[in-house]
Amino acid sequence: MHKLIFTLFLILPTLLQAQVTLSDKTLIYSGQINKQNNNTAAELLKNNPTINTFTITSGGGNIALGMDLAELILAHKLTVNIKQFCFSSCANYVLLAGHPTTIEPNAIIGWHGDAASAKWLDSDIDAMVKHLEEPQKSQKWEELRAHYDEIINKASLREKALYKKLNVNHDLFTVGLKPNLRSAAIKQRARGWTYSPKVLNYFGISNISYNNWQPRSAKNFPLLIINDLK
């Protein structure tokens, strides 16, 4: 469903079994961002008003649910802590929602595009309707094209509104898609990109405490490191 050229390298690792737990005043969110995990987090916050910290390790998940989780964190004014890994929807939304967000020195943070870059390809829809005969095939194809375009358009509008609310430059999502950087990512077999604190500050991100963190790439999860914008 992704139209990024280096899509083949965006297969996320299985980090942890998805779960949400509570430890004292800290909510611990591990694994995929999904509806069940979000509902568990919301219920725990409702029943435990003293919770003040949100620790997450996640390779991302559904775009809308990622924004839901960010809004939940914002509503409860939680401190976000990232110790290990935060990619895709985790970095796109949760990272920006903390009051503040602390990134530990060995954490891996990464991006691979905005909501619009997750648009379903025509070939994806072709595969969905290949079992049908005409004229039903063409009719269903048009229905699915309109349906999925509507999903992405809604997500894109909501995403831009969230970034406006947070006073963050939406280019954070797309710099890594520039031809020269995309080519570099392909050569490195990178699954996305990561930024230096200097670049993140350039995009208007002011809620992060870096705690001696610098961007890094791992052997099992290579990322293109963007230290400067020139």
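It should be emphasised that the depicted structure is a prediction, and the values quoted were computed from it without experimental measurement.
- Taking 4.5 Å as the limit, every side-chain heavy atom of T102 sits out of range of all side-chain heavy atoms of W213.
- With hydrophobic clusters built from ILVMFWY side chains whose heavy atoms lie under 4.5 angstrom apart, V80 does not share a cluster with I28.
- A salt bridge is absent between R145 and D124: the closest approach of a Lys/Arg side-chain nitrogen to an acidic carboxylate oxygen does not fall below 4.0 angstrom.
- F87 pairs with exactly one of L95, L223, I109 by the side-chain contact (heavy atoms from CB on, under 4.5 Å) rule, that one being L223.
- The local environment of CD in E133 is sparse, with at most 12 non-hydrogen atoms from other residues, nucleotides or ligands closer than 6.0 Å.
- Other residues, nucleotides and ligands place no more than 12 heavy atoms under 6.0 Å from the OH atom of Y202.
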| Does the salt bridge (charged side-chain N to carboxylate O under 4.0 Å, His left out) test come out yes or no for K178 and D171, once each step is laid out? | CA-CA 11 Å; K178 291 182 177 180; D171 288 348; over 6 Å; no
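- Each of I73, N37, L69 was compared with I56 under the side-chain contact (heavy atoms from CB on, under 4.5 Å) criterion, and only L69 meets it.
- Put simply, W120 and L157 are part of two different groups of oily side chains (I, L, V, M, F, W, Y) that touch within less than 4.5 Å, one to the next.
- In the hydrophobic clustering of this structure, V168 groups with F173; members are Ile, Leu, Val, Met, Phe, Trp, Tyr whose side-chain heavy atoms approach within less than 4.5 Å, directly or through other members.
- Residues M67 and L72 have side chains not in contact (no heavy-atom distance under 4.5 Å, counting atoms from C-beta outward).
- No continuous path of hydrophobic side-chain contacts links L177 to I225 [ILVMFWY only; heavy atoms under 4.5 Å].
- In the model, N39 has no side-chain atom that pairs as donor or acceptor with a side-chain atom of E43 under 3.5 Å.
- With hydrogens and angles disregarded, no donor-acceptor distance shorter than 3.5 Å links the side chain of T57 to the backbone of S30.
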